[in-house]
Amino acid sequence: MRLGPENRFISTEEVAGLRRVRRYAVPRRLIERATERRLAGDWRGALAVAGVDVDFDPAEVAAAHGSVVAASLVSDLRHLVPDLVRWHLPRVLGGRSTIDTDRTVVLAGYGAGLSMAPYLHLRTPPMADGPQRLALRFGAVPGETSPGLFAVRIEDWRSVRHLWDARHTDGLRAAVGGSGRIPFFHDDGTPLTPEELAAPGDDAAARAERVTLLHQEGKVSEAFAAAGVDWDPALPPSERSWRRFRSSAGRRSTSPGWSPPCGAPQPRAAGSAS
């Protein structure tokens, strides 16, 4: 079974948008400058280069929450990779490359299990057309329904530190399902050529590449089979029929007070203009 472009999980336009984001929204110069400041121990400078405003002072955190919490926070700040954060943030897409608006991204928590425990968290811009600056905050997160549980539009990155923490970037390899190379790349991070992707292979990365390429080509049944999943695309039998509903609707339309459900086509009287 082939899947049409309009029915795929992610459209070709969205794929193009993501590529544009990677190329222009997080430019090489920003990555280089932020990395230079971070490796020099200047976490404030690294955040400033990446367009991140810091809304707290570690000294005030120490006064309010103690030296242990403050020391843990500063350690996280020194290893925070702001360009990597921008790389992974959700985007508006739909032909745009701007960051999704009014999102909260929780990076780390301090005082697990405590009510109103403080978190290191980011806020995305309020408008898609405005400045793309981020706000880095420390404190309680509005929308925490219970300790460690958050409402919608709050992303919890505490367990996925490879998305922002320099000490855990190798976790991406495990997150995509392998201890060897990442799918579509060599061990050194260089992309595979089309010829290399076409070569047979049975390691985890090769299987992931095969399944992904089949799905991108619209070969859904073949992709499921390559992943070891039995899939029957046939719809199950159903007693419900839109055609039967339309015929019965025509009969019931003569009953006083009857009207078709919301969204159903209104029956026309015989001989009415089409």
Side-chain angles (χ1 to χ4, degrees), residues 21 25-26 30-31 34-35 37-92 98-126 131-177 179:
V21 167
V26 192
L30 182 152
I31 296 172
T35 301
R37 299 317 311 151
R38 178 174 56 82
L39 294 179
D42 180 13
W43 60 267
R44 290 183 182 275
L47 291 169
V49 166
V52 182
D53 299 319
V54 181
D55 293 349
F56 59 88
D57 186 339
E60 296 177 356
V61 172
H65 300 280
S67 59
V68 174
V69 169
S72 180
L73 170 63
V74 170
S75 178
D76 284 338
L77 292 171
R78 287 173 175 166
H79 294 92
L80 172 59
V81 187
D83 46 293
L84 193 59
V85 170
R86 282 192 172 274
W87 185 276
H88 290 295
L89 281 175
R91 299 281 166 169
V92 174
T98 49
I99 298 169
D100 198 8
T101 58
D102 284 323
R103 291 265 192 172
T104 297
V105 179
V106 178
L107 302 180
Y110 309 85
L114 299 178
S115 178
M116 302 297 289
Y119 296 94
L120 180 64
H121 59 282
L122 283 162
R123 284 289 296 169
T124 64
Q132 293 293 285
R133 299 191 69 83
L134 305 171
L136 184 65
R137 300 174 179 175
F138 181 85
V141 174
E144 185 180 18
T145 55
S146 61
L149 297 177
F150 304 101
V152 295
R153 298 194 67 77
I154 298 179
E155 298 203 7
D156 189 355
W157 287 12
R158 290 177 299 166
S159 62
V160 286
R161 281 187 171 245
H162 58 270
L163 300 182
W164 64 271
D165 191 330
R167 296 165 294 188
H168 297 272
T169 51
D170 60 344
L172 177 61
R173 191 186 305 270
V176 297
S179 58

Any side-chain heavy-atom pair of [X] and [Y] under 4.5 Å:
| X | Y | result |
| --- | --- | --- |
| Val54 | Trp43 | yes |
| Val106 | Glu155 | no |
| Asp76 | Arg161 | yes |
| Leu80 | Trp164 | yes |
| Tyr110 | Val68 | no |
| Asp55 | Asp53 | yes |
| Pro82 | Arg37 | no |
| Val74 | Val61 | no |

What are the two closest heavy atoms between [X] and [Y], and how far apart are they?
| X | Y | result |
| --- | --- | --- |
| Val85 | Leu122 | CG1-CD1, 3.3 Å |
| Val26 | Arg91 | CG2-NH2, 4.2 Å |
| Leu77 | Pro58 | CD1-CG, 4.5 Å |
| Arg167 | Asp170 | O-OD1, 4.3 Å |
| Pro125 | Leu134 | CD-CD2, 4.0 Å |
| Gly111 | Ala117 | O-CB, 3.3 Å |

From [X] atom [atom1] to [Y] atom [atom2], the distance as rounded to the nearest 0.5 Å:
| X | Y | atom1 | atom2 | answer |
| --- | --- | --- | --- | --- |
| Leu84 | Arg38 | CG | CZ | 8.5 Å |
| Arg133 | Ile99 | CZ | CD1 | 11.0 Å |
| Leu120 | Leu73 | CG | CG | 6.0 Å |
| His121 | Leu136 | NE2 | CG | 8.5 Å |
| Leu163 | Arg158 | CG | CZ | 14.0 Å |
| Thr104 | Arg137 | OG1 | CZ | 7.5 Å |

- Task: Could you check Glu144 against Ile154 for side chain to side chain contact (heavy atoms under 4.5 Å, CB included), going step by step and ending with a plain yes or no?
- Result: CA-CA 9 Å; Glu144 185 180 18; Ile154 298 179; over 6 Å; no

- His65: ring pair (Phe, Tyr, Trp, His ring centres under 6.0 Å) partners, not counting sequence neighbours: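 Partners of His65 by the ring pair (Phe, Tyr, Trp, His ring centres under 6.0 Å) criterion, ordered by chain and then number, come out as Phe138.
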
- Checking side chain to side chain contact (heavy atoms under 4.5 Å, CB included) for the pair Leu89/Val105: CA distance, chi angles, key distance, verdict? CA-CA 9 Å; Leu89 281 175; Val105 179; 3.8 Å; yes

- Sequence neighbours left out, what pairs pass salt bridge (Lys or Arg N to Asp or Glu O under 4.0 Å) with at least one residue falling in residues 77-88?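 As it turns out, there is no salt bridge (Lys or Arg N to Asp or Glu O under 4.0 Å) pair with a partner in residues 77-88 once direct neighbours are skipped.
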
